[in-house]
Structures are given as C-alpha cells and as structure tokens.
2 protein chains.
Amino acid sequence: MRDERFCNSNCPFTRAIGTIGNKWKPIIINVMGTRSIRFGQLDAIIPHISRKVLTEQLKELEEDGLLERYAYKEIPPRVEYRLSEKGLAFLPILESIKEWNLKYEVSTMPAMEA
Amino acid sequence: MRDERFCNSNCPFTRAIGTIGNKWKPIIINVMGTRSIRFGQLDAIIPHISRKVLTEQLKELEEDGLLERYAYKEIPPRVEYRLSEKGLAFLPILESIKEWNLKYEVSTMPAMEA
DNA sequence: TATTCCGGTTACCAATAGGTAACCACAAAA
DNA sequence: TTTTGTGGTTACCTATTGGTAACCGGAATA
C-alpha cells in the first residue's frame with residue numbers, strides 16, 4: 001500500500017506521496033485529529049473500511065512516524081492511537097484540502113432532498 | 001481510479017480525497033505547475049508512469065475541473081495541458097506537503113554515495 | 001457452560017489498478 | 001517507399017488491493 005518506488009525517489013514530494021498518498025491514510029489522520037482513539041472507534045467511525053485494511057494502514061502510519069500506538073495489557077485488550085508531532089503537523093494540510101474543495105467543488109448534489 | 005463511494009460522501013474532505021487522493025494525480029499536478037505542457041513531455045518527465053495511466057488520469061483531472069486540455073488540429077497532433085484556476089489553487093497545498101515532508105521525514109538514505 | 005469483549009490475524013477469493021505492446025491517422029521528410 | 005512524429009486507444013495479462021468470514025486469547029458475565 002506504500003509505493004516503494006515513490007518512497008525511494010530522490011524527490012521529497014514524491015516520497016511524501018509514496019507515504020501518505022493513498023485514499024485511506026488522509027481519512028484516518030483526519031478522523032483521529034488531536035484526540036486519542038481506540039481501534040474499534042476508528043473501525044466504527046470510518047465508513048467502508050475493513051478491519052484488515054485499517055490494521056494495515058495503522059501499522060504503516062506508525063512505521064512512518066505519523067502516529068503512536070499504546071497497547072494496554074488488559075483483558076479484553078485496549079489499544080489507543082494518537083497522532084505524533086509529525087502527524088499533528090499534517091492536520092493543517094488536510095484542513096486546507098477541505099477548504100480548497102469547498103471553494104472549488106462543483107456541486108452535483110441536489111439542492112434539496114425530499 | 002476515482003473512488004465513487006468517497007466522491008458521493010456527504011463529507012467535503014472525503015469527497016476531495018475521492019477525487020485527488022491517489023498517487024498519480026498529485027504528482028501530475030505538481031509536475032505541471034504553472035506552465036502549459038504537452039502529453040509527451042508529461043510522459044517523459046514523470047517516472048514510471050505508462051501512457052495508458054497518464055491518459056486516464058488526465059481525463060479524470062479534466063472532468064473534475066483541475067486542468068484544461070487544448071487540442072490543436074495539426075498533423076502530427078499537438079495537445080497542451082494547463083491547470084485551471086482550481087488546479088492552480090491546489091499547488092500551494094502540494095508545496096506545504098513538500099515542506100512537511102522535508103521537515104519531518106526521517107532520512108533513511110545513506111549520508112553519502114560512493 | 002456459553003457468550004461477550006477487543007484488537008487483531010489468517011486464509012481465501014474478487015475486484016481493481018496498472019503494465020506491455022501493437023495499432024491508428026496523416027502529413028512531411030528522407 | 002519507408003520512416004518519423006504525436007497523442008492517443010485497445011486487447012490482453014498480471015500484480016496489487018481489498019473484502020469476507022472464521023478464528024484467537026483469557027477474563028468477566030450470564
């Protein structure tokens with residue numbers, strides 16, 4: 001899910017896209033925001049994601065230093081995820097994407113719903 | 001290559017990711033920048049992309065209003081692509097991703113190459 | 001005793017993305 | 001006559017992504 005050729009590019013922008021340039025990671029980071037959140041919550045909040053994919057994405061985000069994983073040795077297990085400094089620094093970028101979309105998106109939605 | 005479920009979300013951020021959240025589109029937009037550029041140049045400049053994928057991505061970017069396509073009725077054909085206002089407005093976001101990566105990326109590159 | 005909770009993992013299968021190579025038009029140049 | 005240049009398209013095949021459902025531990029609860 002990470003593109004190795006992109007990650008090994010000598011262009012820093014291409015490397016960034018190789019790391020976070022897929023559809024799930026920005027969504028996950030955006031949902032996390034500044035809070036600490038559990039695996040099950042992410043699974044419940046993010047539409048259409050499967051546990052398998054969520055697990056994989058979280059693992060990669062952790063490997064790339066965007067988030068931190070805290071596993072509490074309890075029964076049943078409890079695991080919390082939290083954005084790292086690097087991950088938090090990415091939030092304003094997501095915010096600007098949101099604003100960009102709101103400004104330029106051509107609305108294809110019906111004006112009203114019955 | 002566009003995720004329809006994302007594009008039909010009621011969350012503007014999710015829709016944005018559904019539109020530009022794949023690995024090729026940010027790369028293409030970044031390469032285009034403010035200039036007007038021909039298909040063959042994009043094909044030559046962007047590493048590892050195939051003409052088929054480049055064609056598809058350009059078509060989607062045009063449909064989503066990020067770029068404009070100018071086909072000159074010449075033989076041999078000449079086609080130029082240029083970012084629209086919406087596409088140009090996306091450039092600063094890509095720039096901030098670049099800066100974010102430079103600041104936080106953990107270098108796994110060797111310090112020197114023999 | 002069976003079930004629930006939680007955060008996964010695994011095996012298996014289906015859908016999608018993406019690559020390759022051939023082909024196209026048509027005019028100009030060799 | 002053949003080749004070149006340009007921006008694709010197409011058929012075909014493979015690689016990757018992603019989904020589903022079952023399973024796990026181990027204590028608490030019913």
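Throughout, protein chains are lettered first and strands after them, A, B, ... in sequence-line order, and every chain is numbered starting at 1. In this text, all values refer to a predicted model and were calculated from it rather than measured experimentally.
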Could you check how far [atom1] of [X] sits from [atom2] of [N], rounded to whole Å?
| X | N | atom1 | atom2 | answer |
| --- | --- | --- | --- | --- |
| Glu56(A) | dG8(C) | CD | C1' | 12 Å |
| Met1(A) | dA17(C) | CE | C1' | 13 Å |
| Arg51(A) | dC6(C) | CZ | P | 10 Å |

Between residues 25-43 of chain A and DNA chain D, which residues have a heavy-atom gap below 4.0 Å?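 Heavy-atom cutoff 4.0 Å gives no residues at all.
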In residues 58-70 of chain A, which ones come under 4.0 Å of DNA chain D, going by heavy atoms? none
side-chain contact (heavy atoms from CB on, under 4.5 Å) involving [X] - partner list, sequence neighbours excluded:
| X | value |
| --- | --- |
| Ile75(B) | none |
| Leu102(B) | Pro12(A) |
| Glu99(B) | Glu95(B) |
| Arg69(A) | Glu62(A), Ala71(A), Val79(A), Tyr81(A) |

Of Asn30(B), Val53(B), Ile28(B), which is the lone residue that meets side chain to side chain contact (heavy atoms under 4.5 Å, CB included) with Ile46(B)? Ile28(B)
Using a 4.0 Å heavy-atom cut-off, does [X] contact any base of the nucleic acid, only the sugar-phosphate backbone, or nothing at all?
| X | answer |
| --- | --- |
| Lys73(B) | nothing |
| Tyr81(A) | sugar-phosphate |
| Arg78(B) | sugar-phosphate |

Pairs where residues 3-47 of chain B contributes a residue and the test ring pair (Phe, Tyr, Trp, His ring centres under 6.0 Å) is met, not counting sequence neighbours: Phe6(A)-Trp24(B), Trp24(A)-Phe6(B)
Is there a side-chain contact between [X] and [Y] (heavy atoms, below 4.5 Å)?
| X | Y | value |
| --- | --- | --- |
| Ile49(A) | Ile27(A) | no |
| Lys25(A) | Arg2(A) | yes |
| Thr19(B) | Cys7(B) | yes |

Relative orientation of the end axes in the helix from dT1(C)-dA30(D) to dA30(C)-dT1(D), expressed as an angle to the nearest 10° (five pairs per end): 30°
Near Glu85(A) CD, under 6.0 Å, is it more than 12 heavy atoms from other residues, nucleotides or ligands?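 No, because the 6.0 Å sphere around CD of Glu85(A) holds 12 heavy atoms or fewer from other groups.
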For DNA chain D, note the earliest and the latest nucleotide, 5' to 3', having some atom under 4.0 Å of a heavy atom belonging to chain B.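 For DNA chain D, the relevant span reads dG5(D) to dG19(D).
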Listed by chain and number, what are the salt bridge (Lys or Arg N to Asp or Glu O under 4.0 Å) partners of Lys23(A), not counting sequence neighbours? Asp3(B)
Can you name the salt bridge (Lys or Arg N to Asp or Glu O under 4.0 Å) partners of Arg51(B), sequence neighbours left out?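 Salt bridge (Lys or Arg N to Asp or Glu O under 4.0 Å) check on Arg51(B) returns Asp43(B).
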If you group Ile, Leu, Val, Met, Phe, Trp and Tyr whenever their side-chain heavy atoms sit less than 4.5 Å apart, what else falls in with Tyr72(A)?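 Its cluster mates, by chain and number, are Tyr70(A).
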Which residue lies toward the 5' end of DNA chain C, Arg5(A) or Lys52(A), if each is placed at its nearest nucleotide? Lys52(A)
